[in-house]
Amino acid sequence: MNFMEQSGLDAAFDAIGSILGDRLTTSLAVREQHGKDQTYHPGAVPDAVAFPHTTDEVSAIVRICAGHQVAVIAHGTGTSLEGHIAALRGGITIDLMAMKRVLEVNAEDQDCRVEAGITRQQLNDHLRDTGLFFPVDPGADASIGGMTATRASGTNAVRYGTMRENVLGLTVVMADGEIIRTGGRARKSSSGYDLTRLLIGSEGTLGVITEIRLRLFGIPEAISAAVCSFPSVEDAVNTVILTIQSGVPIARVEFLDTLSMKACVGYSGLEGYAVAPTLFLEFHGSNAHVAEQTETVKGIAADFGGGDFQWAAGAEDRNRLWQARHDAFWACKALRPGASAIVTDVCVPISRLAECVATVDEEIRRAGLIAPIIGHVGDGNFHLVMLVDLDDADEVARARNLNRHMVEKALSMGGTCSGEHGVGYGKIGFLDAEHGPGTMRAMRQIKQALDPQGIMNPGKIVEI
């Protein structure tokens, strides 16, 4: 860092400190905590961390940073998986977790407006007495702002959609500090550019999301969950494909291969469940509708050699089952204590899912890696948790090659390099192959137009 850069930082710190007081810190421990996500991607420490309480404070911080050309990195719970929060060029991380108010709930219209720092679970706790809930469930208890910034998905996406379908509008602090509001409460509009969809999934590279207006749903009359094991990976995945093609409005369908099921049985105490390729299923609706759905899926599963359904009809049993699924990352890590997790995901058209999973399963064996497969297979999305010794260069190289082959296979099938993890800097190298030079040029032009100084989470999604 040269003298001019340091003097700009010092001036920015002084100006922000005069607004936030001790809510701006340069503590190394706090900075290190905010520069690293949950995976193997190397972290990068910001120069300071700010803890604003309002959108106006975020605006003031960004305006000051813009005036001194200081990078800005938005931060939620820190559960991202592709290096999204690494401060690759230093700067100031804005921790939004103190901004967690529910600003309004419109029960009649089934929408709400919340601040970015509230988590999915906190929101649903607040909504419990209204008979409504917010369905997008990525597993980790992520912040709504972070879920919006990464276009998150999760276990309920097959029925309720992803963040893209469930965000109605945003409040965003742009790169010059200006506050804009996009979208609104109307369920459809043909008015102007769809800036809401542009900013969903932008990973803080175009602005800092501070408020989100969300769609809500009525809590179903009946909810029933079941577990079914299969002779092979292909049988389990083909059951899912036919279920979706048959029009069954299943709420959740999660796939675990033999290794990931072994991990969950051991880690979460799921005794009594087979260690085999397995589907976790959940059905929502009226009592009659749930019964109809389950009979249809039981018949499809039986045609592919599926075993008897093991039911988890009570709320306590369902919560235990889905908590085990949400803890699958930690369960898989426990298969090889001391190893690091290289986590990746792809998404393909549902008709190609079985072929893609089977191909990746074979490549895991050829690579000689411990790499459980887990998937939100109802929408064609699945994940690898590759357990590697980062000090073993050969093993790391095999894992990276496996990741590359998995992405290349997905792209060849009309899929994407990431169904829900996002890009960060971990997957930035795959975007040209997926989107092509013309589309990437358009993305860079948008980035330059909205962030001409390149201060918003630099080094993520597109390089300028």
Side-chain angles (χ1 to χ4, degrees), residues 32-44 76-86 137-142 146 150 152-155 254-268 270 275 278 323-347 357 360-361 363-377 381-407 410 417-430 460:
E32 287 179 338
Q33 177 189 359
H34 284 78
K36 179 77 172 69
D37 64 11
Q38 289 193 351
T39 60
Y40 83 107
H41 296 296
T77 58
T79 54
S80 56
L81 296 169
E82 292 292 350
H84 299 77
I85 57 175
D137 180 3
D141 191 20
T150 54
S153 178
T155 58
E254 297 289 299
F255 168 74
L256 292 85
D257 72 353
T258 300
L259 191 55
S260 57
M261 194 63 191
K262 175 184 176 182
C264 287
V265 168
Y267 186 86
S268 298
L270 296 181
V275 176
T278 299
Q323 187 60 52
R325 168 60 186 90
H326 292 333
D327 289 341
F329 173 75
W330 305 107
C332 290
K333 286 196 71 173
L335 289 171
R336 188 178 179 187
S340 295
I342 298 180
V343 185
T344 190
D345 82 311
V346 295
C347 189
V357 172
V360 171
D361 193 33
E363 290 195 355
I364 291 169
R365 285 193 286 272
R366 281 204 298 267
L369 295 171
I370 300 172
I373 302 175
I374 305 168
H376 308 312
V377 286
N381 182 207
F382 68 98
H383 312 258
L384 284 191
V385 183
M386 297 176 279
L387 303 173
V388 302
D389 176 1
L390 294 184
D391 293 326
D392 186 332
D394 177 69
E395 191 170 68
V396 171
R398 282 183 278 135
R400 287 178 172 160
N401 283 334
L402 176 58
N403 182 25
R404 179 172 53 81
H405 291 155
M406 177 175 167
V407 169
C417 70
S418 181
E420 64 180 11
H421 289 180
V423 178
Y425 77 87
K427 285 195 168 173
I428 198 169
F430 296 123
K460 318 298 168 57

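None of the values given here were measured: they were computed from a predicted structure.
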_Exercise: identify the closest heavy-atom pair between Ala410 and Cys347_ = CB-O, 4.5 Å
*Considering all heavy atoms of both residues, which atom of Met261 and which atom of Val275 are nearest to each other, and what is their separation?*
CG-CA, 4.3 Å
*So how far is it from Met406 CE to Phe382 CZ, rounded to the nearest 0.5 Å?*
4.0 Å
*Side-chain donor or acceptor of Glu254 paired with backbone N/O of Ile374 under 3.5 Å*: no
_Listed partners of Arg400 passing salt bridge (charged side-chain N to carboxylate O under 4.0 Å, His left out), at least two apart_ = none
*Please report the shortest heavy-atom distance between Pro138 and Ala142, naming the atom on each side.*
CG-CB, 4.4 Å
_Gap separating the CG atom of Asp37 from the CD atom of Glu82, nearest 0.5 angstrom_ = 8.0 Å
*Report the C-alpha distance between Asn401 and Arg404 in whole Å, list the side-chain angles of each, state the deciding distance to 0.1 Å, and finish with yes or no for side-chain hydrogen bond (donor to acceptor under 3.5 Å, both in side chains).*
CA-CA 5 Å; Asn401 283 334; Arg404 179 172 53 81; 3.1 Å; yes
*Under 3.5 Å: donor-acceptor pair, side chain of His84, backbone of His421*: yes
*For the atom pair NE2 (His41) and CD1 (Ile85), what is the distance rounded to the nearest 0.5 Å?*
11.5 Å
*How would you list, by chain and number, every residue that makes a side-chain contact (heavy atoms from CB on, under 4.5 Å) with Ser268, sequence neighbours excluded?*
Leu270, Ala324, Asp327
*Closest approach of Pro372 to Ser260 (non-hydrogen atoms, all atoms of both residues)*: CB-CB, 3.7 Å
_Derivation and outcome, side-chain contact (heavy atoms from CB on, under 4.5 Å), residues Ile370 and Leu259_ = CA-CA 9 Å; Ile370 300 172; Leu259 191 55; 3.8 Å; yes
*How close do Ser340 and Leu390 get, heavy atom to heavy atom, and via which atoms?*
OG-CD1, 3.4 Å
*Distance-minimising heavy-atom pair for Leu387 and Arg336*: O-NH1, 3.0 Å
*For the atom pair NE2 (His326) and SG (Cys264), what is the distance rounded to the nearest 0.5 Å?*
11.5 Å
*Distance-only, no hydrogens or angles: does the Glu395 side chain make a donor-acceptor pair with backbone N or O of Asp389 under 3.5 Å?*
yes
*asked:* Please report the interatomic distance CG(Leu369) to CZ(Arg398), rounded to the nearest 0.5 Å.
replied: 5.5 Å
*asked:* For a 4.5 angstrom cut-off between non-hydrogen side-chain atoms, does Asn403 reach Leu384?
replied: no
*If you measure from CD1 on Ile373 to CG on Asp361, what distance do you get to the nearest 0.5 Å?*
4.5 Å
*asked:* Atom NZ of residue position Lys36 - does it have more than 12 heavy atoms of other residues, nucleotides or ligands inside 6.0 Å?
replied: yes
_Tell me if a side-chain donor or acceptor on Thr39 pairs with a main-chain N or O of Ile342 at a distance below 3.5 Å._
no
*May I ask you to decide if Val385's main-chain N or O and Lys333's side chain share a donor-acceptor pair within less than 3.5 Å?*
no
Sequence neighbours excluded and cut-off under 3.5 Å, please list the side-chain donor-acceptor pairs for residues 422-430, or say none.
from: Tyr425; atom 1: OH; to: Pro42; atom 2: O; distance (Å): 2.6
from: Lys427; atom 1: NZ; to: Thr344; atom 2: OG1; distance (Å): 3.0
from: Lys427; atom 1: NZ; to: Asp345; atom 2: O; distance (Å): 2.6
from: Lys427; atom 1: NZ; to: Asp345; atom 2: OD1; distance (Å): 3.4
from: Lys427; atom 1: NZ; to: Cys417; atom 2: O; distance (Å): 2.6

